Amino acid sequence: MPYNHQEIEKKWQAQWEADSAFSADASKKSKKGNLYILDMFPYPSGAGLHVGHPEGYTATDITARKRRMEGFNVLHPMGWDAFGLPAENYAIKMGGHPRDITRKNIDNFRRQIKSFGFSYDWDREISTCEPEYYKWTQWLFLLLWKNDLAYRAKAPVNWCPTDNTVLANEQVVDGKCERCGTLVVQKELEQWFFRITKYADRLLAGLDKLDWPERIKAMQRNWIGKSEGVEIDFDIIDDKKEEVIRVFTTRPDTLMGVSYIVLAPEHPLLDELVTEEHQMDLVNYRDQARKKSELERTQLEKDKAGIFTGAYAHHPLTGELVPIWVSDYVLTTYGTGAVMGVPAHDERDYAFAKKYDLPIKWVIASPDQDDRVADAAYTDMGILVNSGQFDGLTSTDAKQKVADALEGEEKGRRVTFYRIRDWLVSRQRYWGAPIPAIWCEDCGVQPVDPKNLPVILPDDVDFKPTGQSPLVGSKSFHEVNCPKCGNAARRESDTMDTFVDSSWYFLRYTDPTNSEVFADEASIKAWCPVDLYVGGAEHAVLHLLYSRFVCYALKDLGYLEFDEPFVALRNQGLILGPDGEKMSKSKGNVVNPDEIVSEYGADTLRLYEMFMGPLEDAKPWDTKGVVGVRRFLDKVWMARERLADSVDPAIDKAVAKCVKRVGDDTDAMKFNTAIAEMMKCANVFAAAEAIPREAYMTFVRTMAPYAPHLAEELWSEVSGAKSVFDHGWPVADESLLKDSIVAVAVQVNGKLRATIDISPELGADEARARAEATENVAKHLEGKEVKKVVYVAGRVINFIVV
RNA sequence: GGGCUGGUGGCGGAAUGGUAUACGCAGGGGACUUAAAAUCCCCGGGCUGAAAGGCCGUGUGGGUUCGAAUCCCACCCAGCCCACCA
């Protein structure tokens with residue numbers, strides 16, 4: 001008979017809640033110490049949870065439950081990343097207030113998450129949109145501001161015309177708004193920034209010590225984009241002025257191959273140096289370039305077009321004349337906005353030179369002479385040629401020698417550039433934490449006194465985005481005095497990027513109700529940093545990089561004793577629809593976890609999601625497969641009817657092996673193979689007429705982190721004791737793990753010819769004799785000379801014959 | 001174009017130098033049943049053979065090794081990420 005999952009799961013969820021079974025208490029004595037196991041908190045969308053959410057949550061829940069059984073004190077909290085555009089857009093479209101919509105969504109998310117039986121400490125639940133929380137987001141802003149890590153500046157920024165707000169670089173994907181897909185336009189606006197670039201080098205170096213997926217580390221390295229090279233000054237030939245064009249290159253070894261210089265269309269020196277004859281060309285070209293959207297610039301990647309300015313510069317070492325060109329393949333936002341054109345050894349320069357018939361000078365020869373093709377740039381390292389004093393050097397040596405020469409002449413210097421930009425944190429939207437600043441006509445922009453936090457998000461506003469923050473229209477919000485001179489002033493009306501909210505939330509969980517500090521020092525010390533963090537790979541750069549930055553800053557400012565917030569990180573893979581495609585409403589392949597829980601139970605859903613395949617892989621959903629794990633649970637359930645005070649060494653052995661394997665695999669987060677092992681054990685139970693009670697109860701404890709409801713029910717029914725989680729993680733009986741007889745493969749010249757059942761302790765000679773005695777092996781050895789015999793005890797014996 | 005990850009039965013996957021395909025799904029056969037469902041047991045890489053067995057087999061081609069899905073080299077394909085970054 002199948003078990004009644006609805007009744008059992010409801011019963012134990014209520015029991016856990018009544019017992020506060022999972023409350024984390026740092027003051028509690030624990031023999032193993034404290035662990036912080038964290039899920040990336042969800043954005044509570046209107047659609048509710050999808051099956052992807054419980055995948056990561058189950059992985060951490062299994063880990064947390066097992067660690068508790070082992071005697072660790074575990075902090076395992078859940079909360080809500082509750083500010084953000086979707087709720088606000090929904091409110092604009094459908095009416096209502098983003099707060100009400102968000103709270104309703106949170107209620108639904110909480111109900112769903114509780115239905116899965118996760119062992120969260122609900123007393124620590126946080127929500128970033130509540131004033132008790134965002135007070136400290138604002139405090140963080142003030143702290144960074146006070147320490148010159150937050151500042152206001154005018155800069156070219158990304159503007160989304162649909163959402164009517166600026167976006168961080170990280171939120172622009174393929175030139176489009178990450179949220180709504182609208183083409184982003186560049187605007188010159190004054191905005192608030194966090195000085196993340198100050199930490200570029202440390203954020204890069206810190207990656208090395210992290211237990212994170214290589215992929216994620218590579219993406220962060222890529223995003224930080226460190227490149228070491230040389231800045232080179234080219235003197236402009238101009239009687240009137242002493243100006244230089246500064247270029248940046250990572251390949252100073254190609255300096256002798258320069259045949260022109262290219263400036264970005266926005267380069268500040270352009271107006272001065274363009275000759276009269278080329279002035280109109282420049283005006284037209286700039287006009288054209290400005291009209292191109294980011295997307296067009298990307299799509300036209302291969303089309304290198306530009307114009308000649310009529311001006312020339314001196315080569316810094318040879319003094320040779322070098323023409324100065326303009327093209328938008330050079331970006332203002334990287335390096336110096338000017339590059340030296342070396343067509344022979346750079347693909348872009350090559351394309352440009354071909355188009356405008358500029359000289360192509362080969363200065364690097366491939367060490368592999370034949371490799372050099374004349375109809376393409378040679379971009380690898382090599383040996384210098386046609387380079388005067390540098391001839392014969394390798395690229396690596398030449399880089400140093402050229403840099404030395406330039407530094408000697410004061411024509412250049414070694415520099416490091418980063419691709420990462422400062423983090424733009426202000427948004428012209430309503431549903432976010434107000435930036436705690438006050439504008440005074442006399443004193444300029446002033447920080448709000450921390451005593452007056454939180455700056456409450458007002459209700460008397462119209463949410464419709466107009467390009468200005470909706471807060472601009474709020475009267476109550478703006479009746480404020482300057483904190484410095486006391487005169488009437490107005491509040492900053494921008495709100496913060498929601499990534500600021502989520503950049504520190506894991507600290508708040510350690511002390512979620514504190515109204516004096518963002519979290520008490522002792523609480524942070526007790527739990528942080530996070531020992532295990534699990535979430536989707538989509539946060540590879542944004543959230544994870546921002547959180548790291550905030551922790552580095554807080555450490556420098558004396559608030560934390562660690563810089564890296566997440567010691568170990570794992571990404572759960574995407575769960576695809578049954579058709580193997582990414583789940584989406586439009587494809588109609590979305591699986592609703594509520595239906596699985598109601599039809600098969602939470603334990604089945606948990607087990608199935610872990611059984612599908614390795615945690616980090618993308619895996620298609622198969623409802624038929626769900627039935628398979630439910631059958632397994634029913635087998636375990638039914639086995640309780642055949643318990644006996646009997647002895648069965650075979651079953652004891654199967655259980656001991658299961659305990660060992662499940663323990664090891666759970667620690668390695670190989671949940672799929674752990675479950676396969678439990679299934680094997682259940683099959684042994686199913687085939688047995690009587691099952692030793694002791695062995696069965698050990699199995700139930702082993703299964704408990706995976707299927708906690710069923711385990712609790714079986715434990716209380718069979719043992720009469722209260723919670724299976726109070727009884728510790730079972731220890732495998734080592735003596736049962738060793739097999740006295742094993743099947744050893746017998747090979748002749750590497751081909752399997754037989755297997756023999758022998759003791760793994762058996763000596764090589766005896767094993768050989770046993771192997772030779774088997775009929776098939778004898779047949780293959782007949783008439784052959786045995787050159788060598790390889791024996792690996794307990795595994796394989798291989799005869800090498802001729 | 002660059003980087004990363006991967007390619008194993010009909011399907012999800014297991015095995016990280018030692019019997020390839022554990023476990024599950026789907027399929028076939030049997031037991032129980034008036035019957036069906038449920039449940040339980042057995043069989044499932046290909047070719048060949050009555051069987052025992054033999055040959056082939058982890059994307060392709062080579063290499064290292066007594067022995068390779070696993071390590072090395074080259075290539076093909078797929079997915080993800082980045083991409084005019086000088």
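Order of the sequence lines sets the chain letters (A, B, ...), proteins ahead of strands, with each chain counted from 1. Quick caveat, the model's predicted, so the values are computed rather than measured. Below, each value reflects all heavy atoms present in this structure, side chains not excepted, and no hydrogens, waters or symmetry copies.
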Looking at every strand, decide which applies to [X] at a 4.0 Å heavy-atom threshold: base, sugar-phosphate, or nothing.
X         : value
Pro2(A)   : nothing
Arg215(A) : sugar-phosphate
Lys635(A) : sugar-phosphate
Gln747(A) : base
Asn798(A) : base
Arg753(A) : sugar-phosphate
Lys787(A) : nothing
Ala338(A) : nothing
Asp617(A) : nothing
Asn776(A) : sugar-phosphate
Lys670(A) : sugar-phosphate
Asn672(A) : sugar-phosphate

Just by distance, do the side chain of Asp233(A) and the backbone of Arg246(A) share a donor-acceptor pair under 3.5 Å? no

Rounded to whole Å, please give me the gap between CZ in Arg795(A) and P in U16(B). 9 Å

Atom pair distance, as rounded to whole Å: CG in Asp634(A) and C1' in C40(B): 14 Å

Does the gap between the ring centers of Phe417(A) and Phe248(A) come in under 6.0 Å? yes

So that I know where these two stand, are Phe685(A) and Phe699(A) an aromatic pair - ring centroids less than 6.0 Å apart? yes

Measuring from the side chain of [X] (C-beta onward, heavy atoms only), which nucleotide among [options] has the closest atom?
X         : options                : answer
Val339(A) : A26(B), C40(B), A86(B) : A86(B)
Pro614(A) : G13(B), C23(B), A15(B) : G13(B)
His780(A) : C85(B), G54(B), A26(B) : G54(B)
Lys751(A) : G18(B), C84(B), C56(B) : C56(B)

Could you verify whether a donor N or O on one side chain and an acceptor N or O on the other, from Thr666(A) and Tyr706(A), lie under 3.5 Å apart? yes

Under a 3.5 Å threshold, yes or no: a donor from one side chain and an acceptor from the other, between Gln220(A) and Arg215(A)? no

Please state the [atom1] separation for the pair [N] and [M] - nearest whole angstrom.
N      : M      : atom1 : value
A69(B) : G63(B) : P     : 15 Å
C75(B) : G3(B)  : P     : 12 Å
G27(B) : A74(B) : C1'   : 40 Å
A38(B) : U33(B) : C1'   : 11 Å
C41(B) : C32(B) : P     : 16 Å
G13(B) : G62(B) : P     : 29 Å
A22(B) : G12(B) : P     : 15 Å
G29(B) : C77(B) : C1'   : 39 Å

Classified by glycosidic angle (syn within 90° of 0, else anti), G24(B) comes out anti

Have a look at G27(B) and give me syn or anti from its glycosidic angle (syn if within 90° of zero). anti

When every non-hydrogen atom of Gly750(A) is compared with those of Asn798(A), the smallest separation belongs to N-OD1, 3.0 Å

Return whichever of Met638(A) or Glu677(A) has its heavy-atom-nearest nucleotide of RNA chain B closer to the 5' end. Glu677(A)

Taking the nucleotide of RNA chain B with the nearest heavy atom to each, does Thr336(A) or Asn749(A) sit closer to the 5' end? Asn749(A)

Could you tell me whether Arg286(A) and Asp328(A) make a salt bridge, using a distance below 4.0 angstrom between a side-chain N and a carboxylate O? no

Short N-O contact, Glu782(A) and Lys779(A), less than 4.0 angstrom: no

Identified stems (criterion: three or more consecutive Watson-Crick or G-U pairs, under 3.5 Å), RNA chain B: B:1-7 with B:76-82, B:10-12 with B:23-25, B:27-31 with B:39-43, B:45-48 with B:53-56, B:59-63 with B:71-75

Show every ring pair (Phe, Tyr, Trp, His ring centres under 6.0 Å) that has at least one partner inside residues 612-642 of chain A, sequence neighbours left out. Tyr3(A)-Trp637(A), Tyr608(A)-Trp621(A)

